[in-house]
Structures are given as C-alpha cells and as structure tokens.
Amino acid sequence: MDSENKTKKNALITGAASGMGYLTGKCFVQGGGNAVLTDINPEALEKAVSSLNEIRPGSAIGAVCDVRDYAQVCKARDQAVETFGSIDLLVTMAGGAETRMLNTHGEFPDVPIEVYDWGIDVNLKGQFYFDHAVLKQMREQKSGVIINIGSITGEEGCSENIAYSASKSAVMNGLVKSVAQYGAQYGIRCCCVAPGPVLTRPGMADMKTLAGRAAQPQEIVDLILYLASDKGAFITGTTILIDGGRNVMRNKS
C-alpha cells in the first residue's frame, strides 16, 4: 500500500519473523493496515511483532505456527479474526529449499525421503493449508486477496531440491488457478508471485539474470502490495515471474 492508498485492512503473513515476510508486514503497517505475523520461531516472532508495534501501537500480533500442522494454521486464522475482525490479505511466504534448510546434501536417490517430505509439507501443503483455512473466513466476508509464493525454480526445475521445485510448480499452476476459480464467486482473488534470485542471502547474487543482478527484497514486496491493492483488482488466477529475465535466458551457467 502506498501513501495514496492507505487503508485499515488486515493481513495474515506466514514466515513473517524475518526476510520478505517481515518486510511485507512492515510495509503493510506503514501503509495504515494491521498485520498478523506467523512463524515457527517464537523468539524471532516476538521481536518482529514488537518492531511493528513501535511503528504504530496495536498494529501487529504474532501467532506461532508450524505450517505443516493444520490445527495450528486454523488457530492462527482464528487469532487474526478475533483480534482484527477480518483477513483481507493472506501472503504465504513460509518456505525454503529442503536440502539447504535441513543441511542434507547428495544425489536425489541418496537423500533421505524425510527431507523431501519436509520440502513438500512446507512449500506446498503449508500454502494449501493456509489457503483452505483462510478461505473459510474470506468466503464469509465475501472479499479477500490471497498471494501465494512461487519461485523461478518452479519453472526451471532443480536437480537437488526436487521437492521445492515440484512444490513451487504446483503452487504456481494448479493451486493458484484453482483457488482463483473457486474464490471468484465470493469476491476473492488469488495470485502467485514467483521471484528469481533475491538478496535475502549472499548466495542469491551468484544466480544470473538478464538484469545483471538479483532483486532487492523491497522489489518483490512492492509487487505483492500492488496485487493486494485496488490497483491490482483485475489480476487473478495467474503467476507473475519477477526474475530479472532469468526465465528467458539462453545461458544460465
């Protein structure tokens, strides 16, 4: 939300104790809205919520949540509604490449299947769970915007983080298109933002793009906020790649 479009709307953001999830919540609060931050790390979550409430007291709450646990997902949804009365925006930012997150590397058949289970549970089922739970509230409101998070890896594939790639591809296609089709009758939009390399960690700078650089986190968040605003009201059921042209490069080596 920009200064010309300030609104008292309420956002629920997963993976929001740090990185782009936190930045999304911060920008939403600065624009006049309220934010419910969810994360699996209670200490980091508490700090993030306190930081947002320094901007505007009472604008943020935290809900400790493992996105793999549907009961916890529903509890986070209920906390959001009990505190702020509605959920106008859902951003499912929680995710990560399984072999890096779990520090387990090797050729695909040699990596324990539990590592890939984690990747699918967090990157696909976690987004699916939140969409399912929050749609109950948005259907009652007859309004809302859901922004799921994909990745350039969902387009390119990956020889190591295969669960991550498969999950992001499923989100970018089947999940977002299907939720948009269902939600339209209730005034609910659903889109997917699929970043290329983003400078949330140093390694991202090594990925080539036509733009010759990785994205700044704010560039990704600005797109999310645009889609969530009235200016994006005609956009639904689609995935927007924000990848600096990486997807059309002939040589990515």
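Residue numbers run from 1 in the order of the sequence given.
With respect to the salt-bridge test (charged N to carboxylate O, under 4.0 angstrom), the residues E82 and R77 do not qualify. A salt bridge does not link R246 to E155: none of the charged nitrogens lies less than 4.0 Å from a carboxylate oxygen.
Atom-to-atom distance recorded for Q181:CD and T236:OG1 is 9.5 Å, nearest 0.5 angstrom. Residue Y164 holds its OH atom at 14.5 Å from OH of Y116, rounded to the nearest 0.5 Å. Rounding to the nearest 0.5 angstrom, the gap separating the OG atom in S169 from the CG atom in L124 is 10.0 Å. The CD1 atom of I146 lies 4.5 Å from the CG atom of D131; values are rounded to the nearest 0.5 Å. To the nearest 0.5 Å, the span separating CG on L23 from CE on M20 amounts to 9.0 Å. The distance from atom CD1 of I147 to atom CD1 of I224, rounded to the nearest 0.5 Å, is 7.0 Å.
Although no hydrogens or angles enter the test, the distance criterion places a donor-acceptor pair under 3.5 Å between the side chain of E98 and the main chain of I162.
Summarising the geometry of I149 relative to P195, their closest heavy-atom pair is CG2-CD, 4.3 Å, with the distance given to 0.1 Å. Of all heavy-atom pairs between G21 and I13, the closest is O-CG2, 3.7 Å. Annotation for M138 and L90: closest pair CE-N, 4.0 Å, computed over non-hydrogen atoms. Between T38 and A76, the shortest heavy-atom contact is CG2-CB, 4.1 Å. In terms of heavy atoms, A48 sits closest to A16 at CB-O, 4.1 Å. Residues V29 and I55 come closest through the heavy atom pair CG1-CG2, 4.0 Å.
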Evaluate V134 against L12 for side chain to side chain contact (heavy atoms under 4.5 Å, CB included), listing each step before the verdict. CA-CA 9 Å; V134 170; L12 174 58; 3.8 Å; yes
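Neither side chain, S59 nor N34, offers a donor N or O lying under 3.5 Å from an acceptor on the other.
Heavy-atom contacts from other residues, nucleotides or ligands closer than 6.0 Å to CD of E107 number 12 or fewer. No more than 12 heavy-atom neighbours from other residues, nucleotides or ligands sit within 6.0 angstrom of CD on E46. Counting non-hydrogen atoms of other residues, nucleotides and ligands closer than 6.0 Å to NZ of K47 gives a total of 12 or fewer. Residue Q218 qualifies as enclosed at atom CD: its count of foreign heavy atoms under 6.0 Å is above 12. More than 12 non-hydrogen atoms from other residues, nucleotides or ligands lie less than 6.0 angstrom from CZ of F84.
Relative ring orientation between Y182 and Y186 is described as tilted, the plane-to-plane angle lying within the 30° to 60° band.
Tested against L227, the residues V145, V193, T238 include a single side-chain contact (heavy atoms from CB on, under 4.5 Å) partner, V193.
For the pair I242 and I220, the minimum side-chain heavy-atom distance is below 4.5 Å.
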